[in-house]
Amino acid sequence: MATGMSLTLCFLTLRHKRPKAKYIIWPRIDQKSCFKSMVTAGFEPVVIENVLEGDELRTDLKAVEAKIQELGPEHILCLHSTTACFAPRVPDRLEELAVICANYDIPHVVNNAYGLQSSKCMHLIQQGARVGRIDAFVQSLDKNFMVPVGGAIIAGFNEPFIQDISKMYPGRASASPSLDVLITLLSLGCSGYRKLLKERKEMFVYLSTQLKKLAEAHNERLLQTPHNPISLAMTLKTIDGHHDKAVTQLGSMLFTRQVSGARAVPLGNVQTVSGHTFRGFMSHADNYPCAYLNAAAAIGMKMQDVDLFIKRLDKCLNIVRKEQTRASVVSGADRNKAEDADIEEMALKLDDVLGDVGQGPAL
């Protein structure tokens, strides 16, 4: 099973240990699968909104503890926290949350989907288990081992509990995910995988530098999210201020140019997931101050992938601005400027087609 259903299996195992529980405390992270995993298991997610500290969205520890006291520890199945995530949200304060869970005797399940490739995220889990309580943490195979989608690793510090989760699985399962990981690890070896982890850290620094330069060239800025070791974000204020659909258009343009992992996040997006309405969906907060674009340095990324991404993003930003210029000019009297904008846009698109042949980066 992939990450979402693996989390569900953890929650269903805890159900037998806490029969009175009906709630799961969940610091907000705008990813549908982790929210659905709680609903599918038959529990009611209690969403804890994040707090804005500088550009970062961080865990509201006071709100978490207040909600535990309000609902009663015996009625709470577990606390469901997150490590690696899309900036400007940063990993939850795992150490503090683990201490709270230990103090109130509440299980703690960590969504570590992207985090296995990050030494910082793994350190947070290790420290949380050392000073408090972490019962299980779940990581995606495809995100951390570059294998096909469809598998996850459920790990923890209490072997009997992990065995209980394993025994909860009904029937038999496909061996394909295990074989994929086995073949990949045998091919890479320990040294090969550690080399990839080291290169990922280097690519994160390189991506940060290049994205900051690009942002400044377009009168934007790179959001300051030092607690996020994988994902970055740059503002999109200059295009969002002109047209409410420009941000979404930028995201679709990148996707059609084979940049499959970048997320363009507009303001005010409202979406209902399993009966719960999220305002500002995708931004991890009801009212984040600005629209932005995400990019992440994932395992397996090379320098040429970053360069190609920056090149394509630069071209897409230029095209969006040219279209905005054309729209504003057409609404006025100067038709010649509109024709010039059309010509420049066609030239950019043609250059994009001719210059970027091949598979693009999944950032």
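Keep in mind that what you see is a predicted model, and the values were worked out from it rather than measured.
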**Q** Checking Arg200 side chain against Ala297 main chain: does a donor-acceptor pair fall under 3.5 Å?
**A**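 Side chain of Arg200 to backbone of Ala297: a pair is present.
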**Q** Using side-chain heavy atoms (C-beta onward) and a distance below 4.5 Å, is Leu232 in contact with Leu223?
**A**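 They are not in contact (no side-chain heavy atoms under 4.5 Å apart), so the answer is no.
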**Q** Flag the pair Glu96 and Arg58 as a salt bridge only when some basic side-chain nitrogen lies within less than 4.0 angstrom of an acidic carboxylate oxygen.
**A**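 Arg58 and Glu96: not salt-bridged.
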**Q** Minimum heavy-atom separation for Leu57 to Leu52, with atom names?
**A**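 Between these two residues, the closest heavy atoms are CD2-CD1, 4.0 Å.
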**Q** Begin from the C-alpha positions of Val273 and Lys36 and carry the test side chain to side chain contact (heavy atoms under 4.5 Å, CB included) through to its verdict.
**A** CA-CA 8 Å; Val273 181; Lys36 290 179 179 178; 4.3 Å; yes
**Q** Would Phe137 and Ile154 show up in the same hydrophobic cluster when neighbours are defined by side-chain heavy atoms closer than 4.5 Å?
**A**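 Shared cluster, no.
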**Q** Pair up each side-chain donor or acceptor in residues 213-221 with any protein partner under 3.5 Å, not counting sequence neighbours, and list the distances.
**A**
unit_1: His218; atom_1: ND1; unit_2: Arg321; atom_2: NH1; d: 2.8
unit_1: His218; atom_1: NE2; unit_2: Asp314; atom_2: OD1; d: 2.6
unit_1: Glu220; atom_1: OE1; unit_2: Thr235; atom_2: OG1; d: 2.6
unit_1: Glu220; atom_1: OE1; unit_2: Lys237; atom_2: N; d: 3.0
unit_1: Glu220; atom_1: OE2; unit_2: Lys237; atom_2: N; d: 3.2
unit_1: Glu220; atom_1: OE2; unit_2: Thr238; atom_2: N; d: 2.8
unit_1: Glu220; atom_1: OE2; unit_2: Thr238; atom_2: OG1; d: 2.4
unit_1: Arg221; atom_1: NH1; unit_2: Asp55; atom_2: OD2; d: 2.8
unit_1: Arg221; atom_1: NH2; unit_2: Asp55; atom_2: OD1; d: 2.8
unit_1: Arg221; atom_1: NH2; unit_2: Asp55; atom_2: OD2; d: 3.4

**Q** Using modelled atom types only, decide if a donor and an acceptor are shared between the side chain of His284 and the backbone of Asp30 within a distance under 3.5 Å.
**A**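 At least one qualifying donor-acceptor pair exists.
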**Q** Quick one: CD on Glu49 to CZ on Arg279, what's the gap to the nearest 0.5 Å?
**A**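 Answer for the CD-CZ pair, Glu49 versus Arg279, is 11.0 Å.
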**Q** Without swapping roles, check the side chain of Ser33 against the backbone of Gly4 for a donor-acceptor pair under 3.5 Å.
**A**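 Not a single qualifying donor-acceptor pair exists.
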**Q** To the closest 0.5 Å, what do you measure between CG (Asn50) and CZ (Arg89)?
**A**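 That separation rounds to 4.5 Å.
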**Q** So how far is it from Lys212 NZ to Met234 CE, rounded to the nearest 0.5 Å?
**A**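 So the gap between those two atoms works out to 13.0 Å.
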**Q** Locate the shortest heavy-atom distance separating Ala152 from Leu141; write the atom from each residue and the value.
**A**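 Looking at all heavy atoms of both residues, the shortest contact is N-CG, 3.6 Å.
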**Q** Mark yes when over 12 heavy atoms from residues, nucleotides or ligands other than Gln126 sit less than 6.0 Å from its CD; otherwise mark no.
**A**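 No, because the 6.0 Å sphere around CD of Gln126 holds 12 heavy atoms or fewer from other groups.
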**Q** May I ask you to decide if Gly280's main-chain N or O and Asn287's side chain share a donor-acceptor pair within less than 3.5 Å?
**A**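 Pair absent, no side-chain N/O of Asn287 close to backbone of Gly280.
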**Q** Show, in sequence, the C-alpha distance, side-chain angles and deciding distance for Asn269 and Ser283, and conclude whether the side chain to side chain contact (heavy atoms under 4.5 Å, CB included) test is met.
**A** CA-CA 9 Å; Asn269 189 27; Ser283 64; over 6 Å; no
**Q** Please list all pairs meeting side-chain hydrogen bond (donor to acceptor under 3.5 Å, both in side chains) that have one or both residues in residues 164-178, counting only residues at least two apart or in different chains.
**A**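 Every pair satisfying side-chain hydrogen bond (donor to acceptor under 3.5 Å, both in side chains) with a residue in residues 164-178: Lys17-Asp164, Ser174-Ser176.
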**Q** Taking side chain to side chain contact (heavy atoms under 4.5 Å, CB included) as the criterion, tell me which of Leu116, Val110, Asn111 meets it with Gln139.
**A**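 Option passing the side chain to side chain contact (heavy atoms under 4.5 Å, CB included) with Gln139: Leu116.
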**Q** Hey, could you give me the NZ/CD distance between Lys143 and Gln117, rounded to the nearest 0.5 Å?
**A**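 Separation between the atoms: 10.0 Å.
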**Q** Taking C-beta and beyond as the side chain, do Phe86 and Thr225 meet within less than 4.5 Å on heavy atoms?
**A**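 When only atoms from C-beta onward are counted, Thr225 and Phe86 do not touch, as no gap falls below 4.5 Å.
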**Q** Are side-chain heavy atoms of Cys10 and Met168 found at a separation under 4.5 Å?
**A**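 They are not in contact (no side-chain heavy atoms under 4.5 Å apart), so the answer is no.
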**Q** Under 4.5 Å between side-chain heavy atoms, hopping through other hydrophobics if needed: is there a path connecting Leu196 to Val181?
**A**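 Cluster IDs for Leu196 and Val181 match.
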**Q** Apply side chain to side chain contact (heavy atoms under 4.5 Å, CB included) to the pair Arg257 and Lys315, showing each step before the final yes or no.
**A** CA-CA 11 Å; Arg257 286 158 178 78; Lys315 289 179 179 179; 5.9 Å; no
**Q** For Thr256 and Met253, which heavy atoms make the closest approach, and how far apart are they?
**A**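 So the minimum-distance heavy-atom pair works out to OG1-O, 2.9 Å.
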**Q** Search all heavy atoms of Asp142 against all heavy atoms of Gly150 and return the closest pair with its distance.
**A**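 Nearest heavy atoms, Asp142 then Gly150: OD1-N, 4.4 Å.
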**Q** Can a donor-acceptor pair be found, under 3.5 Å and without considering hydrogens, that links the side chain of Ser118 to the backbone of Gly115?
**A**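 No; judged by distance alone, with no hydrogens or angles, the pair does not exist.
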**Q** Once rounded to the nearest 0.5 Å, what's the spacing between atom CG of Leu77 and atom CD1 of Ile24?
**A**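 It is 5.0 Å, given to the nearest 0.5 Å.
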**Q** Do Arg133 and Asp105 have side chains that get closer than 4.5 Å, going by heavy atoms?
**A**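 Of all side-chain heavy-atom pairs linking Asp105 with Arg133, at least one is under 4.5 Å.
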**Q** Look at the side-chain heavy atoms of Ile, Leu, Val, Met, Phe, Trp and Tyr, link any pair under 4.5 Å apart, and say whether Val147 and Ile183 land in one connected group.
**A**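 Cluster IDs for Val147 and Ile183 differ.
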**Q** Side chains of Thr272 and Thr277: donor-acceptor distance under 3.5 Å anywhere?
**A**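 Result is yes, a qualifying pair exists.
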**Q** If the condition is ring pair (Phe, Tyr, Trp, His ring centres under 6.0 Å), which residues does Phe145 pass it with, not counting sequence neighbours?
**A**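 Phe145: ring pair (Phe, Tyr, Trp, His ring centres under 6.0 Å) contacts with Tyr193.
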**Q** So, do Asn112 and Val138 sit near enough that their side-chain heavy atoms are less than 4.5 Å apart?
**A**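 Contact flag for Asn112/Val138 side chains = no.
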**Q** Other residues, nucleotides and ligands only: do more than 12 of their heavy atoms fall within 6.0 Å of NZ on Lys120?
**A**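 Count over threshold, so yes.
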**Q** Could you check whether any side-chain N or O of Asn294 sits under 3.5 Å from a backbone N or O of Ala87, counting only pairs where one atom can act as donor and the other as acceptor?
**A**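 Here the side-chain-to-backbone pair exists.
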**Q** Mind checking ring pair (Phe, Tyr, Trp, His ring centres under 6.0 Å) for Phe43 and listing every partner two or more places apart, or none if nothing turns up?
**A**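 For Phe43, no residue satisfies ring pair (Phe, Tyr, Trp, His ring centres under 6.0 Å) once neighbours in sequence are set aside.
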**Q** Using a 4.5 Å cut-off on heavy atoms from C-beta on, say whether the side chain of Leu211 contacts that of Leu313.
**A**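 Yes, close enough: below the 4.5 Å cut-off.
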**Q** Who passes ring pair (Phe, Tyr, Trp, His ring centres under 6.0 Å) against His276, sequence neighbours left out?
**A**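 Here the qualifying residues are Phe35, Phe278.
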**Q** With a 4.5 Å limit on heavy-atom distance, are the side chains of His80 and Leu7 in contact?
**A**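 When only atoms from C-beta onward are counted, Leu7 and His80 do touch, with a gap below 4.5 Å.
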**Q** For atom CD of Gln69, decide whether the heavy atoms of other residues, nucleotides or ligands shown that lie under 6.0 angstrom number more than 12.
**A**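 Buried by this count: over 12 neighbours within 6.0 Å.
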**Q** Look up atom CD in Glu95 and atom CD1 in Ile134, then write down how far apart they are to the nearest 0.5 Å.
**A**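 Interatomic distance, Glu95 CD to Ile134 CD1, rounded to 0.5 Å: 9.0 Å.
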**Q** Is there side-chain contact between Ile25 and Ile106, with heavy atoms separated by less than 4.5 Å?
**A**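 Contact flag for Ile25/Ile106 side chains = no.
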**Q** Judged by atom type as modelled, is there a donor-acceptor pair below 3.5 Å linking the side chain of Thr13 to the main-chain atoms of Leu9?
**A**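 Here the side-chain-to-backbone pair exists.
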**Q** Quick test of your reading of the model: are Asp60 and Lys67 salt-bridged, counting only N-O distances below 4.0 Å?
**A**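 The answer is no: the pair does not qualify as a salt bridge.
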**Q** If you take all heavy atoms of Pro73 and Tyr104, which pair is closest and at what distance?
**A**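 Smallest interatomic distance, heavy atoms only, reads CB-O, 3.7 Å.
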**Q** Give the minimum heavy-atom separation between Cys101 and His108, together with the two atoms involved.
**A**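 Distance-wise, the nearest heavy atoms are SG-CB, 3.7 Å.
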**Q** For side chain to side chain contact (heavy atoms under 4.5 Å, CB included), just list the numbers for Ile125 and Phe157, CA-CA rounded to whole Å, side-chain angles, deciding distance to a tenth of an Å, and then say yes or no.
**A** CA-CA 10 Å; Ile125 292 173; Phe157 300 90; 3.9 Å; yes
**Q** Would a hydrophobic clustering, with Ile, Leu, Val, Met, Phe, Trp and Tyr connected at side-chain separations under 4.5 Å, put Val109 with Val47?
**A**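 Cluster IDs for Val109 and Val47 match.
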**Q** State plainly whether the residues Lys302 and Glu199 are in salt-bridge range, i.e. N to O under 4.0 Å.
**A**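 Yes, this pair counts.
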**Q** I'd like to know if the side chain of Ser208 reaches the main chain of Phe204, judged simply by a donor and an acceptor atom lying under 3.5 Å from each other, with no hydrogens or angles considered.
**A**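 Between the backbone of Phe204 and the side chain of Ser208 there is no qualifying donor-acceptor contact (under 3.5 Å).
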**Q** With sequence neighbours left out, what residues match Phe255 under ring pair (Phe, Tyr, Trp, His ring centres under 6.0 Å)?
**A**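 Applying ring pair (Phe, Tyr, Trp, His ring centres under 6.0 Å) to Phe255 gives none.
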**Q** Under 3.5 Å, is there a donor-acceptor pair between the side chain of Asp92 and the main chain of Thr82?
**A**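 Yes, the answer is positive, given that a donor and an acceptor are paired below the 3.5 Å cut-off.
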**Q** Mark yes or no for whether Thr8, through its side chain, and Ser37, through its backbone, hold a donor-acceptor pair below 3.5 Å.
**A**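 At least one qualifying donor-acceptor pair exists.
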